[in-house]
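Each remark here refers to the structure printed beneath this line.
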Amino acid sequence: MIGCTTWLHPYVFYLGAQPACKPANLVCVGRILCQMVPCGAEEVDEAIKSAHAAYLQWRKMAGMERARVICVLFIKGQHIQLPGGSFAYTRREPLGVCVGIGAWNYPFQIASWKSAPALACGNAMVFKPSPMTPVTAVILAEIYKEAGVPDGLFCVVQGGADTGTLLCQHPKVAKVSFTGSVPTGKKVMEMSAKGVKQVTLELGGKSPLLIFKDCELENAVKGALMANFLTQGEVCCNGTRVYVQREIMPQFLEKVVKRTKAIPVGDPLLDGTRMGALISKPHLEKVLGFVSQAKKEGAKVLCGGEPIVPSDPNLKGGYFMAPCVLDNCRDDMTCVKEEIFGPVMSVLPFDTEEEVIGRANNTTFGLASGVFTRDISRAHRVAENLEAGTCFINNYNISPVEVPFGGYKMSGFGRENGQVTIEYYSQLKTVVVEMGDVDSLF
Ligand SMILES: NC(=O)c1ccc[n+]([C@@H]2O[C@H](COP(=O)([O-])OP(=O)(O)OC[C@H]3O[C@@H](n4cnc5c(N)ncnc54)[C@H](O)[C@@H]3O)[C@@H](O)[C@H]2O)c1
Ligand SMILES: CCCCC=O
(Lines give C-alpha, C1' and ligand atoms only; values in the text may rest on other atoms or scores of the structure.)
(Ligands and ions follow the chains in the order given, each with its own letter.)
Protein backbone atom coordinates (compact mmCIF):
# COMPACT_ATOMS: atom_id res chain seq x y z
CA MET A 1 0.00 0.00 0.00
CA ILE A 2 1.43 3.39 -0.89
CA GLY A 3 1.71 5.58 2.17
CA CYS A 4 -1.67 4.27 2.95
CA THR A 5 -2.65 5.19 6.48
CA THR A 6 -5.41 2.83 7.45
CA TRP A 7 -5.99 1.85 11.06
CA LEU A 8 -8.37 -0.65 12.51
CA HIS A 9 -10.73 0.17 15.33
CA PRO A 10 -13.57 2.31 16.69
CA TYR A 11 -15.17 3.55 13.48
CA VAL A 12 -17.77 0.96 12.58
CA PHE A 13 -18.79 0.73 8.96
CA TYR A 14 -21.96 -0.96 7.93
CA LEU A 15 -22.28 -2.52 4.57
CA GLY A 16 -24.86 -0.86 2.39
CA ALA A 17 -25.69 -2.57 -0.85
CA GLN A 18 -24.20 -0.48 -3.58
CA PRO A 19 -23.30 -2.71 -6.49
CA ALA A 20 -20.30 -0.50 -7.21
CA CYS A 21 -18.61 -0.86 -3.84
CA LYS A 22 -19.68 -4.11 -2.31
CA PRO A 23 -17.03 -6.78 -1.77
CA ALA A 24 -17.92 -9.93 -3.67
CA ASN A 25 -17.72 -12.31 -0.72
CA LEU A 26 -20.22 -10.45 1.44
CA VAL A 27 -23.90 -10.66 0.66
CA CYS A 28 -25.36 -9.57 3.98
CA VAL A 29 -26.35 -6.03 4.75
CA GLY A 30 -26.61 -4.25 8.07
CA ARG A 31 -23.53 -6.07 9.36
CA ILE A 32 -20.13 -4.69 10.30
CA LEU A 33 -17.82 -4.64 7.29
CA CYS A 34 -14.74 -3.23 9.01
CA GLN A 35 -13.67 -0.94 11.81
CA MET A 36 -11.20 1.90 11.50
CA VAL A 37 -9.67 4.61 13.64
CA PRO A 38 -10.04 8.18 12.38
CA CYS A 39 -6.72 9.89 11.63
CA GLY A 40 -5.74 12.70 13.98
CA ALA A 41 -3.41 15.67 13.47
CA GLU A 42 -0.24 13.58 13.69
CA GLU A 43 -1.32 11.05 11.04
CA VAL A 44 -2.68 13.75 8.73
CA ASP A 45 0.62 15.63 8.98
CA GLU A 46 2.56 12.43 8.32
CA ALA A 47 0.47 11.66 5.21
CA ILE A 48 0.84 15.20 3.84
CA LYS A 49 4.60 15.20 4.45
CA SER A 50 5.04 11.85 2.74
CA ALA A 51 2.90 13.04 -0.19
CA HIS A 52 4.99 16.21 -0.41
CA ALA A 53 8.27 14.28 -0.46
CA ALA A 54 6.96 12.07 -3.27
CA TYR A 55 5.64 15.15 -5.12
CA LEU A 56 9.10 16.77 -5.24
CA GLN A 57 10.32 13.82 -7.35
CA TRP A 58 7.12 13.25 -9.34
CA ARG A 59 6.75 16.89 -10.46
CA LYS A 60 10.15 16.76 -12.18
CA MET A 61 9.14 13.84 -14.40
CA ALA A 62 8.10 14.50 -17.99
CA GLY A 63 4.57 13.62 -19.02
CA MET A 64 5.98 10.69 -21.02
CA GLU A 65 7.70 9.35 -17.90
CA ARG A 66 4.56 9.68 -15.80
CA ALA A 67 2.65 8.00 -18.62
CA ARG A 68 4.52 4.77 -17.83
CA VAL A 69 2.46 4.44 -14.66
CA ILE A 70 -0.59 6.58 -15.31
CA CYS A 71 -2.27 7.41 -18.60
CA VAL A 72 -1.31 11.11 -18.96
CA LEU A 73 -3.42 13.53 -20.95
CA PHE A 74 -1.62 15.97 -23.23
CA ILE A 75 -0.40 18.77 -20.95
CA LYS A 76 0.93 21.69 -22.91
CA GLY A 77 1.64 25.41 -22.74
CA GLN A 78 1.42 28.19 -25.34
CA HIS A 79 3.97 30.13 -27.37
CA ILE A 80 3.24 33.87 -27.72
CA GLN A 81 5.21 35.96 -30.24
CA LEU A 82 6.24 39.47 -29.01
CA PRO A 83 7.72 42.51 -30.92
CA GLY A 84 11.36 42.36 -31.98
CA GLY A 85 11.61 38.58 -32.04
CA SER A 86 11.03 38.31 -28.30
CA PHE A 87 8.46 35.84 -27.10
CA ALA A 88 6.73 34.39 -24.09
CA TYR A 89 5.66 30.88 -23.32
CA THR A 90 3.48 29.30 -20.71
CA ARG A 91 4.08 26.14 -18.75
CA ARG A 92 1.41 24.10 -16.98
CA GLU A 93 2.89 23.21 -13.60
CA PRO A 94 1.47 21.11 -10.79
CA LEU A 95 -0.03 22.70 -7.68
CA GLY A 96 1.63 20.51 -5.05
CA VAL A 97 -0.15 18.33 -2.50
CA CYS A 98 -3.86 18.18 -3.31
CA VAL A 99 -6.49 16.90 -0.92
CA GLY A 100 -9.47 14.87 -2.11
CA ILE A 101 -12.50 14.46 0.17
CA GLY A 102 -15.21 12.09 -0.99
CA ALA A 103 -18.90 11.34 -0.47
CA TRP A 104 -20.15 7.80 0.14
CA ASN A 105 -22.36 7.23 -2.90
CA TYR A 106 -19.73 6.71 -5.64
CA PRO A 107 -16.72 5.97 -3.46
CA PHE A 108 -14.36 4.37 -5.99
CA GLN A 109 -15.25 6.69 -8.86
CA ILE A 110 -14.88 9.81 -6.73
CA ALA A 111 -11.41 8.70 -5.55
CA SER A 112 -10.39 7.90 -9.16
CA TRP A 113 -11.87 11.03 -10.76
CA LYS A 114 -9.93 13.20 -8.33
CA SER A 115 -6.63 11.36 -8.01
CA ALA A 116 -6.00 10.30 -11.63
CA PRO A 117 -5.90 13.83 -13.12
CA ALA A 118 -4.16 15.19 -10.00
CA LEU A 119 -1.33 12.66 -10.38
CA ALA A 120 -1.24 12.99 -14.18
CA CYS A 121 -0.60 16.74 -13.76
CA GLY A 122 2.34 16.04 -11.44
CA ASN A 123 0.66 16.53 -8.05
CA ALA A 124 0.44 14.27 -5.04
CA MET A 125 -2.91 13.51 -3.41
CA VAL A 126 -4.03 12.75 0.12
CA PHE A 127 -7.54 11.32 -0.13
CA LYS A 128 -10.12 10.99 2.63
CA PRO A 129 -13.07 8.78 1.76
CA SER A 130 -16.39 9.10 3.56
CA PRO A 131 -16.38 7.19 6.86
CA MET A 132 -19.39 5.29 5.46
CA THR A 133 -17.28 3.83 2.61
CA PRO A 134 -13.65 3.63 3.72
CA VAL A 135 -12.46 0.58 1.79
CA THR A 136 -12.43 1.24 -1.95
CA ALA A 137 -9.98 4.17 -1.79
CA VAL A 138 -7.52 1.78 -0.15
CA ILE A 139 -8.04 -0.67 -3.01
CA LEU A 140 -7.32 2.20 -5.43
CA ALA A 141 -4.07 2.89 -3.53
CA GLU A 142 -3.12 -0.76 -4.04
CA ILE A 143 -3.89 -0.48 -7.76
CA TYR A 144 -1.69 2.63 -8.07
CA LYS A 145 1.09 0.86 -6.19
CA GLU A 146 0.87 -2.09 -8.55
CA ALA A 147 0.94 0.27 -11.56
CA GLY A 148 4.21 1.81 -10.31
CA VAL A 149 3.11 5.05 -8.63
CA PRO A 150 5.89 6.07 -6.19
CA ASP A 151 5.39 5.48 -2.47
CA GLY A 152 3.59 8.31 -0.70
CA LEU A 153 2.24 9.99 -3.83
CA PHE A 154 -1.32 8.81 -3.18
CA CYS A 155 -2.16 8.51 0.52
CA VAL A 156 -5.46 7.52 2.06
CA VAL A 157 -6.42 8.90 5.46
CA GLN A 158 -9.54 7.70 7.24
CA GLY A 159 -11.97 9.74 9.32
CA GLY A 160 -14.90 12.12 9.28
CA ALA A 161 -15.39 15.86 9.74
CA ASP A 162 -12.45 16.34 12.14
CA THR A 163 -9.97 14.65 9.82
CA GLY A 164 -11.42 16.57 6.85
CA THR A 165 -10.95 19.82 8.76
CA LEU A 166 -7.32 19.01 9.52
CA LEU A 167 -6.72 18.36 5.82
CA CYS A 168 -8.35 21.60 4.68
CA GLN A 169 -6.41 23.65 7.23
CA HIS A 170 -2.99 22.10 6.66
CA PRO A 171 -0.55 24.77 5.41
CA LYS A 172 1.23 22.40 3.00
CA VAL A 173 -1.97 21.63 1.07
CA ALA A 174 -2.31 23.55 -2.21
CA LYS A 175 -5.82 22.49 -3.25
CA VAL A 176 -8.91 20.79 -1.92
CA SER A 177 -11.22 18.90 -4.25
CA PHE A 178 -14.42 18.12 -2.37
CA THR A 179 -17.44 16.00 -3.22
CA GLY A 180 -20.36 16.08 -0.80
CA SER A 181 -23.27 18.13 0.43
CA VAL A 182 -23.72 21.89 0.05
CA PRO A 183 -23.43 22.66 3.81
CA THR A 184 -20.11 20.78 4.10
CA GLY A 185 -18.91 22.29 0.82
CA LYS A 186 -19.41 25.79 2.26
CA LYS A 187 -17.27 24.87 5.29
CA VAL A 188 -14.55 23.44 3.06
CA MET A 189 -14.53 26.61 0.97
CA GLU A 190 -14.35 28.79 4.07
CA MET A 191 -11.43 26.84 5.52
CA SER A 192 -9.61 26.76 2.19
CA ALA A 193 -10.10 30.51 1.73
CA LYS A 194 -8.13 31.17 4.91
CA GLY A 195 -5.10 29.49 3.36
CA VAL A 196 -5.85 30.85 -0.17
CA LYS A 197 -6.06 27.25 -1.41
CA GLN A 198 -7.73 26.40 -4.69
CA VAL A 199 -11.03 24.55 -4.37
CA THR A 200 -13.18 22.33 -6.55
CA LEU A 201 -16.67 21.73 -5.16
CA GLU A 202 -18.86 18.89 -6.45
CA LEU A 203 -22.03 19.34 -4.41
CA GLY A 204 -25.65 18.26 -4.29
CA GLY A 205 -28.47 18.78 -6.74
CA LYS A 206 -32.21 18.75 -7.39
CA SER A 207 -32.13 18.46 -11.12
CA PRO A 208 -35.09 18.96 -13.48
CA LEU A 209 -36.05 16.58 -16.28
CA LEU A 210 -38.37 18.11 -18.90
CA ILE A 211 -40.56 15.75 -20.92
CA PHE A 212 -42.35 17.37 -23.87
CA LYS A 213 -45.44 15.89 -25.52
CA ASP A 214 -43.54 15.35 -28.80
CA CYS A 215 -41.03 12.99 -27.13
CA GLU A 216 -40.58 9.32 -27.89
CA LEU A 217 -42.55 8.25 -24.81
CA GLU A 218 -40.96 4.84 -24.15
CA ASN A 219 -37.51 6.47 -24.14
CA ALA A 220 -38.71 9.28 -21.91
CA VAL A 221 -40.09 6.77 -19.41
CA LYS A 222 -36.84 4.78 -19.45
CA GLY A 223 -34.90 8.04 -19.10
CA ALA A 224 -36.99 9.10 -16.11
CA LEU A 225 -36.24 5.78 -14.40
CA MET A 226 -32.51 6.15 -15.10
CA ALA A 227 -32.72 9.70 -13.78
CA ASN A 228 -34.27 8.62 -10.48
CA PHE A 229 -33.54 5.03 -9.55
CA LEU A 230 -29.94 4.42 -10.58
CA THR A 231 -27.94 3.33 -7.49
CA GLN A 232 -31.05 3.47 -5.29
CA GLY A 233 -31.50 7.12 -6.22
CA GLU A 234 -28.33 8.00 -4.34
CA VAL A 235 -26.89 10.01 -7.24
CA CYS A 236 -26.06 13.71 -7.05
CA CYS A 237 -27.16 14.57 -10.60
CA ASN A 238 -30.47 12.66 -10.55
CA GLY A 239 -33.37 14.31 -12.36
CA THR A 240 -35.80 14.10 -9.45
CA ARG A 241 -38.12 16.91 -10.55
CA VAL A 242 -39.82 15.33 -13.53
CA TYR A 243 -41.85 17.94 -15.44
CA VAL A 244 -44.25 16.29 -17.89
CA GLN A 245 -46.30 18.22 -20.47
CA ARG A 246 -49.90 18.01 -19.36
CA GLU A 247 -51.27 16.30 -22.50
CA ILE A 248 -49.13 13.18 -22.03
CA MET A 249 -49.25 13.00 -18.22
CA PRO A 250 -51.73 10.05 -17.97
CA GLN A 251 -49.80 7.83 -20.41
CA PHE A 252 -46.48 8.80 -18.82
CA LEU A 253 -47.65 8.00 -15.28
CA GLU A 254 -49.17 4.68 -16.29
CA LYS A 255 -45.94 3.53 -17.94
CA VAL A 256 -43.58 4.90 -15.31
CA VAL A 257 -45.52 3.33 -12.43
CA LYS A 258 -45.75 -0.04 -14.20
CA ARG A 259 -41.97 -0.11 -14.74
CA THR A 260 -41.18 1.17 -11.24
CA LYS A 261 -43.29 -1.54 -9.60
CA ALA A 262 -41.35 -4.14 -11.62
CA ILE A 263 -37.88 -3.05 -10.41
CA PRO A 264 -36.25 -6.06 -8.71
CA VAL A 265 -34.95 -4.89 -5.31
CA GLY A 266 -32.56 -7.15 -3.41
CA ASP A 267 -29.07 -8.60 -3.44
CA PRO A 268 -26.99 -6.47 -5.83
CA LEU A 269 -24.67 -9.38 -6.54
CA LEU A 270 -27.44 -11.20 -8.39
CA ASP A 271 -27.61 -10.50 -12.12
CA GLY A 272 -31.33 -9.77 -12.08
CA THR A 273 -31.25 -7.21 -9.26
CA ARG A 274 -31.67 -3.59 -10.26
CA MET A 275 -31.80 -1.87 -6.87
CA GLY A 276 -29.96 -2.58 -3.62
CA ALA A 277 -30.28 -1.24 -0.09
CA LEU A 278 -29.76 2.35 0.95
CA ILE A 279 -26.48 3.25 2.61
CA SER A 280 -27.59 3.27 6.28
CA LYS A 281 -30.55 3.11 8.62
CA PRO A 282 -30.56 6.88 9.34
CA HIS A 283 -30.45 7.57 5.61
CA LEU A 284 -33.37 5.19 4.94
CA GLU A 285 -35.34 6.91 7.69
CA LYS A 286 -34.53 10.32 6.19
CA VAL A 287 -35.72 9.25 2.74
CA LEU A 288 -38.92 7.71 4.16
CA GLY A 289 -39.40 10.95 6.12
CA PHE A 290 -39.41 12.88 2.83
CA VAL A 291 -42.17 10.58 1.53
CA SER A 292 -44.30 11.14 4.68
CA GLN A 293 -43.78 14.88 4.44
CA ALA A 294 -44.75 14.82 0.75
CA LYS A 295 -48.02 13.07 1.64
CA LYS A 296 -48.75 15.66 4.34
CA GLU A 297 -48.16 18.44 1.80
CA GLY A 298 -50.64 16.88 -0.66
CA ALA A 299 -48.59 14.56 -2.89
CA LYS A 300 -50.12 11.26 -3.94
CA VAL A 301 -47.96 8.12 -3.67
CA LEU A 302 -48.54 6.14 -6.88
CA CYS A 303 -46.21 3.34 -5.83
CA GLY A 304 -43.47 2.45 -3.34
CA GLY A 305 -42.19 4.72 -0.60
CA GLU A 306 -42.23 2.07 2.12
CA PRO A 307 -39.48 -0.15 3.62
CA ILE A 308 -39.04 -3.65 2.19
CA VAL A 309 -37.82 -6.75 4.01
CA PRO A 310 -36.56 -9.11 1.29
CA SER A 311 -37.46 -12.79 1.56
CA ASP A 312 -33.78 -13.83 1.49
CA PRO A 313 -32.82 -14.20 5.20
CA ASN A 314 -29.30 -12.91 4.42
CA LEU A 315 -30.77 -9.56 3.48
CA LYS A 316 -33.04 -9.08 6.47
CA GLY A 317 -30.84 -6.47 8.16
CA GLY A 318 -30.65 -4.31 5.03
CA TYR A 319 -32.08 -0.86 4.48
CA PHE A 320 -34.27 -1.57 1.48
CA MET A 321 -37.19 0.50 0.29
CA ALA A 322 -39.61 0.27 -2.63
CA PRO A 323 -38.88 2.89 -5.32
CA CYS A 324 -41.47 5.62 -5.14
CA VAL A 325 -43.36 7.78 -7.66
CA LEU A 326 -45.11 10.88 -6.31
CA ASP A 327 -47.94 12.55 -8.23
CA ASN A 328 -49.86 15.78 -7.49
CA CYS A 329 -46.60 17.55 -6.72
CA ARG A 330 -46.19 21.33 -6.64
CA ASP A 331 -43.02 23.41 -6.89
CA ASP A 332 -43.35 24.61 -3.27
CA MET A 333 -43.33 21.10 -1.74
CA THR A 334 -40.35 19.89 0.29
CA CYS A 335 -39.95 16.81 -1.93
CA VAL A 336 -39.60 19.09 -4.96
CA LYS A 337 -37.28 21.64 -3.38
CA GLU A 338 -34.84 19.52 -1.36
CA GLU A 339 -32.36 16.83 -2.33
CA ILE A 340 -33.77 13.48 -1.11
CA PHE A 341 -30.90 11.26 -2.30
CA GLY A 342 -33.08 8.17 -2.45
CA PRO A 343 -35.43 6.41 -4.92
CA VAL A 344 -38.19 9.04 -4.94
CA MET A 345 -39.43 10.64 -8.17
CA SER A 346 -41.62 13.76 -8.00
CA VAL A 347 -43.79 14.31 -11.09
CA LEU A 348 -45.18 17.75 -11.99
CA PRO A 349 -47.32 18.90 -14.95
CA PHE A 350 -46.42 21.86 -17.20
CA ASP A 351 -47.98 23.60 -20.19
CA THR A 352 -45.41 25.69 -22.07
CA GLU A 353 -41.67 25.68 -22.73
CA GLU A 354 -41.16 29.15 -21.28
CA GLU A 355 -43.07 28.29 -18.13
CA VAL A 356 -41.21 25.03 -17.49
CA ILE A 357 -37.77 26.58 -18.02
CA GLY A 358 -38.58 29.27 -15.45
CA ARG A 359 -39.76 26.64 -12.96
CA ALA A 360 -36.83 24.33 -13.65
CA ASN A 361 -34.36 27.16 -12.97
CA ASN A 362 -36.12 28.31 -9.81
CA THR A 363 -33.70 26.54 -7.48
CA THR A 364 -30.40 27.27 -5.79
CA PHE A 365 -28.99 24.02 -7.24
CA GLY A 366 -27.60 23.64 -10.78
CA LEU A 367 -25.92 20.29 -11.19
CA ALA A 368 -27.71 18.61 -14.10
CA SER A 369 -30.85 18.71 -16.21
CA GLY A 370 -32.52 16.78 -19.00
CA VAL A 371 -34.96 17.18 -21.86
CA PHE A 372 -36.92 14.68 -23.93
CA THR A 373 -38.28 15.99 -27.23
CA ARG A 374 -38.17 15.10 -30.94
CA ASP A 375 -37.82 18.80 -31.85
CA ILE A 376 -34.10 19.36 -32.41
CA SER A 377 -34.35 23.17 -32.15
CA ARG A 378 -36.26 22.95 -28.92
CA ALA A 379 -33.77 20.47 -27.48
CA HIS A 380 -30.80 22.80 -27.99
CA ARG A 381 -32.76 25.91 -26.95
CA VAL A 382 -33.80 24.24 -23.71
CA ALA A 383 -30.22 22.99 -23.11
CA GLU A 384 -28.97 26.56 -23.52
CA ASN A 385 -31.54 28.04 -21.15
CA LEU A 386 -31.35 25.53 -18.30
CA GLU A 387 -29.02 26.73 -15.52
CA ALA A 388 -27.07 23.54 -14.91
CA GLY A 389 -23.58 22.14 -15.50
CA THR A 390 -24.92 19.29 -17.66
CA CYS A 391 -27.99 18.88 -19.87
CA PHE A 392 -28.87 15.42 -21.17
CA ILE A 393 -30.89 15.42 -24.40
CA ASN A 394 -33.10 12.34 -24.90
CA ASN A 395 -31.29 10.30 -22.23
CA TYR A 396 -30.14 10.76 -18.64
CA ASN A 397 -27.17 9.99 -16.35
CA ILE A 398 -24.63 9.33 -19.07
CA SER A 399 -21.28 10.33 -17.55
CA PRO A 400 -18.29 8.84 -19.36
CA VAL A 401 -14.90 9.85 -18.04
CA GLU A 402 -14.08 11.87 -21.20
CA VAL A 403 -16.94 14.29 -20.56
CA PRO A 404 -16.64 17.20 -18.07
CA PHE A 405 -18.92 17.01 -15.03
CA GLY A 406 -19.74 19.67 -12.45
CA GLY A 407 -22.24 22.19 -11.19
CA TYR A 408 -23.65 25.68 -11.58
CA LYS A 409 -24.91 27.79 -8.68
CA MET A 410 -24.80 26.08 -5.27
CA SER A 411 -24.05 22.70 -6.85
CA GLY A 412 -20.43 23.86 -6.94
CA PHE A 413 -17.70 24.86 -9.36
CA GLY A 414 -14.71 23.35 -11.08
CA ARG A 415 -15.05 20.29 -13.27
CA GLU A 416 -14.14 16.64 -13.04
CA ASN A 417 -13.42 14.37 -16.02
CA GLY A 418 -12.46 15.36 -19.54
CA GLN A 419 -9.46 17.31 -20.80
CA VAL A 420 -10.57 20.44 -18.90
CA THR A 421 -9.67 18.81 -15.56
CA ILE A 422 -6.04 19.72 -16.27
CA GLU A 423 -6.95 23.35 -15.59
CA TYR A 424 -8.12 22.43 -12.11
CA TYR A 425 -5.00 20.48 -11.13
CA SER A 426 -2.30 22.75 -12.57
CA GLN A 427 -1.21 26.37 -12.55
CA LEU A 428 0.09 28.45 -15.40
CA LYS A 429 3.59 29.91 -15.36
CA THR A 430 4.44 32.61 -17.90
CA VAL A 431 8.04 32.87 -19.06
CA VAL A 432 8.96 36.08 -20.94
CA VAL A 433 12.07 35.90 -23.16
CA GLU A 434 13.89 39.05 -24.38
CA MET A 435 15.79 38.52 -27.63
CA GLY A 436 17.21 42.07 -27.93
CA ASP A 437 18.67 44.69 -25.61
CA VAL A 438 16.86 45.98 -22.54
CA ASP A 439 14.98 49.16 -23.38
CA SER A 440 15.17 50.71 -19.92
CA LEU A 441 13.38 53.86 -18.76
CA PHE A 442 16.09 54.46 -16.17
N1 LIG B 1 -21.57 16.82 -7.48
C2 LIG B 1 -21.04 15.63 -7.35
O3 LIG B 1 -20.22 15.21 -8.16
C4 LIG B 1 -21.44 14.74 -6.21
C5 LIG B 1 -21.10 13.38 -6.27
C6 LIG B 1 -21.49 12.56 -5.22
C7 LIG B 1 -22.20 13.08 -4.13
N8 LIG B 1 -22.51 14.39 -4.09
C9 LIG B 1 -23.29 14.94 -2.97
O10 LIG B 1 -22.81 14.41 -1.73
C11 LIG B 1 -23.86 14.41 -0.77
C12 LIG B 1 -23.92 13.06 -0.08
O13 LIG B 1 -22.67 12.74 0.44
P14 LIG B 1 -22.30 12.83 1.99
O15 LIG B 1 -23.52 12.61 2.81
O16 LIG B 1 -21.13 11.97 2.19
O17 LIG B 1 -21.86 14.37 2.12
P18 LIG B 1 -21.19 15.10 3.35
O19 LIG B 1 -21.08 16.53 2.98
O20 LIG B 1 -21.86 14.77 4.61
O21 LIG B 1 -19.72 14.45 3.47
C22 LIG B 1 -18.82 14.45 2.39
C23 LIG B 1 -17.40 14.28 2.90
O24 LIG B 1 -17.04 15.42 3.68
C25 LIG B 1 -16.48 15.01 4.91
N26 LIG B 1 -16.72 16.08 5.88
C27 LIG B 1 -17.79 16.24 6.70
N28 LIG B 1 -17.64 17.40 7.41
C29 LIG B 1 -16.47 17.96 7.02
C30 LIG B 1 -15.78 19.15 7.40
N31 LIG B 1 -16.27 19.99 8.31
N32 LIG B 1 -14.60 19.42 6.80
C33 LIG B 1 -14.09 18.59 5.85
N34 LIG B 1 -14.70 17.44 5.47
C35 LIG B 1 -15.88 17.13 6.05
C36 LIG B 1 -17.19 13.70 5.20
O37 LIG B 1 -16.48 12.92 6.15
C38 LIG B 1 -17.20 13.07 3.81
O39 LIG B 1 -15.96 12.48 3.51
C40 LIG B 1 -25.13 14.70 -1.57
O41 LIG B 1 -25.51 16.03 -1.35
C42 LIG B 1 -24.70 14.48 -3.02
O43 LIG B 1 -25.45 15.20 -3.94
C44 LIG B 1 -22.14 15.23 -5.11
C1 LIG C 1 -22.33 10.70 -12.72
C2 LIG C 1 -22.23 10.31 -11.31
C3 LIG C 1 -21.77 11.42 -10.43
C4 LIG C 1 -21.89 11.01 -9.02
C5 LIG C 1 -22.96 11.73 -8.35
O6 LIG C 1 -23.46 11.34 -7.33
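Remember, it's 1-based here, ligands and their atoms both numbered in the order they're listed.
The closest side-chain donor-acceptor pair between D214 and T373 falls under 3.5 angstrom. Between the side chains of Y106 and T179, no donor N or O sits under 3.5 Å from an acceptor N or O. A donor-acceptor contact closer than 3.5 angstrom links the side chains of K114 and S177.
The shell of residues lying under 4.0 angstrom from ligand 1, judged by heavy atoms, excludes Y106. Within the 4.0 Å heavy-atom shell around ligand 1 one does not find G407. Residue-ligand proximity: G412 is placed with every non-hydrogen atom at 4.0 Å or more from ligand 1.
For atom 25 (C) of ligand 1, the nearest non-hydrogen atom from the set I101, T200, V176, L201 comes from I101.
At a heavy-atom distance under 4.0 Å, no atom of M132 approaches ligand 1. Counting heavy atoms closer than 4.0 Å to ligand 1, residue N105 contributes side-chain atoms (C-beta onward) but none from N, CA, C or O. Contacts with ligand 1 closer than 4.0 Å are made by side-chain heavy atoms of M191 only, the backbone lying farther away. Proximity of F341 to ligand 1, defined as any heavy-atom pair under 4.0 Å, is confined to the side chain (atoms from C-beta onward). Proximity of P129 to ligand 1, defined as any heavy-atom pair under 4.0 Å, is confined to the backbone N, CA, C and O atoms.
Side-chain atoms of R59 do not come within 3.5 Å of backbone N or O of G96 as any donor-acceptor pair. Of the possible polar contacts, one joining the K175 side chain to the Y424 backbone as a donor-acceptor pair under 3.5 Å is found. Here the side chain of S369 pairs a donor or acceptor atom with the backbone of T390 at under 3.5 angstrom. In this structure, Q158 contributes its side chain and P134 its backbone to a donor-acceptor pair below 3.5 Å. Between the side chain of Y144 and the backbone N or O of A116, at least one donor-acceptor pair lies under 3.5 Å.
Regarding atom 9 (C) of ligand 1, its nearest protein heavy-atom neighbour is G180 O, 3.2 Å. Regarding atom 1 (N) of ligand 1, its nearest protein heavy-atom neighbour is L203 O, 2.8 Å. Atom 14 (P) of ligand 1 has W104 NE1, 3.5 Å as its closest protein atom, hydrogens excluded (heavy atom only). Of all protein heavy atoms, the one lying nearest to atom 36 (C) of ligand 1 is K128 NZ, 3.7 Å.
Remark: E338 does not engage K286 in a salt bridge, criterion side-chain N to carboxylate O under 4.0 Å. Classification of E285 and K281 as a salt-bridged pair holds, one side-chain N sitting under 4.0 Å from a carboxylate O.
Applying the salt bridge (Lys or Arg N to Asp or Glu O under 4.0 Å) test between R378 and each of E354, E384, E353 identifies E353 as the sole match. Screening V99, V188, L167 for a side chain to side chain contact (heavy atoms under 4.5 Å, CB included) with F178, the sole residue that qualifies is V188. Screening I110, V138, V157 for a side chain to side chain contact (heavy atoms under 4.5 Å, CB included) involving F127 leaves a single residue, I110.
Ring planes of F341 and W104: perpendicular class, angle over 60° (limits at 30 and 60°).
For T179, no nitrogen or oxygen atom sits less than 3.5 Å from a nitrogen or oxygen atom of ligand 1, counting backbone and side chain alike. When only interatomic distances are considered, the shortest N/O to N/O separation between C236 and ligand 1 does not fall below 3.5 Å. Residue-to-ligand polar distances place E339 within reach of ligand 1: an N/O pair is separated by less than 3.5 Å. Ligand 1 has an N or O atom lying under 3.5 Å from an N or O atom of T184, backbone or side chain. At least one N/O-N/O distance between S181 and ligand 1 falls below 3.5 Å.
In summary, the atoms of ligand 1 found under 4.0 Å from a heavy atom of A103, numbered by their order in the structure, are 7 (C), 10 (O), 13 (O), 16 (O). Contact atoms of ligand 1 toward G204: 41 (O), 43 (O) (distance under 4.0 Å to a heavy atom of the residue). Atoms of ligand 2 found under 4.0 Å from any heavy atom of C236, numbered from 1 in the order shown, are 3 (C), 4 (C), 5 (C), 6 (O). Below 4.0 Å from some heavy atom of S399 lie the following atoms of ligand 2, by number and element: 1 (C). Each of the following atoms of ligand 1 lies closer than 4.0 Å to a heavy atom of G102: 22 (C), 23 (C), 38 (C), 39 (O). Of all atoms in ligand 1, listed by their number and element, those nearer than 4.0 Å to a heavy atom of A161 are 27 (C), 28 (N), 29 (C), 30 (C), 32 (N), 35 (C). Atoms of ligand 1 found under 4.0 Å from any heavy atom of G164, numbered from 1 in the order shown, are 32 (N), 33 (C), 34 (N). The atoms of ligand 1 that sit less than 4.0 Å from any heavy atom of T165 are 30 (C), 31 (N), 32 (N), 33 (C). Those atoms of ligand 2 that come under 4.0 Å of a heavy atom in N105, given as number and element, are 5 (C), 6 (O). Numbered from 1 in the order shown, with element, the atoms of ligand 1 that lie under 4.0 Å from a heavy atom of L367 read 1 (N). Atoms of ligand 1 lying under 4.0 Å from any heavy atom of F178, numbered from 1 in the order shown and given with element: 19 (O), 22 (C), 23 (C), 24 (O).
A distance of 6.5 Å separates CD in E297 from CE in M333, rounded to the nearest 0.5 Å. The distance from the CG atom of L210 to the CG atom of L386 is 6.0 Å, given to the nearest 0.5 Å.
For I376, the CD1 atom is loosely surrounded, since the number of other residues' heavy atoms within 6.0 Å does not exceed 12.
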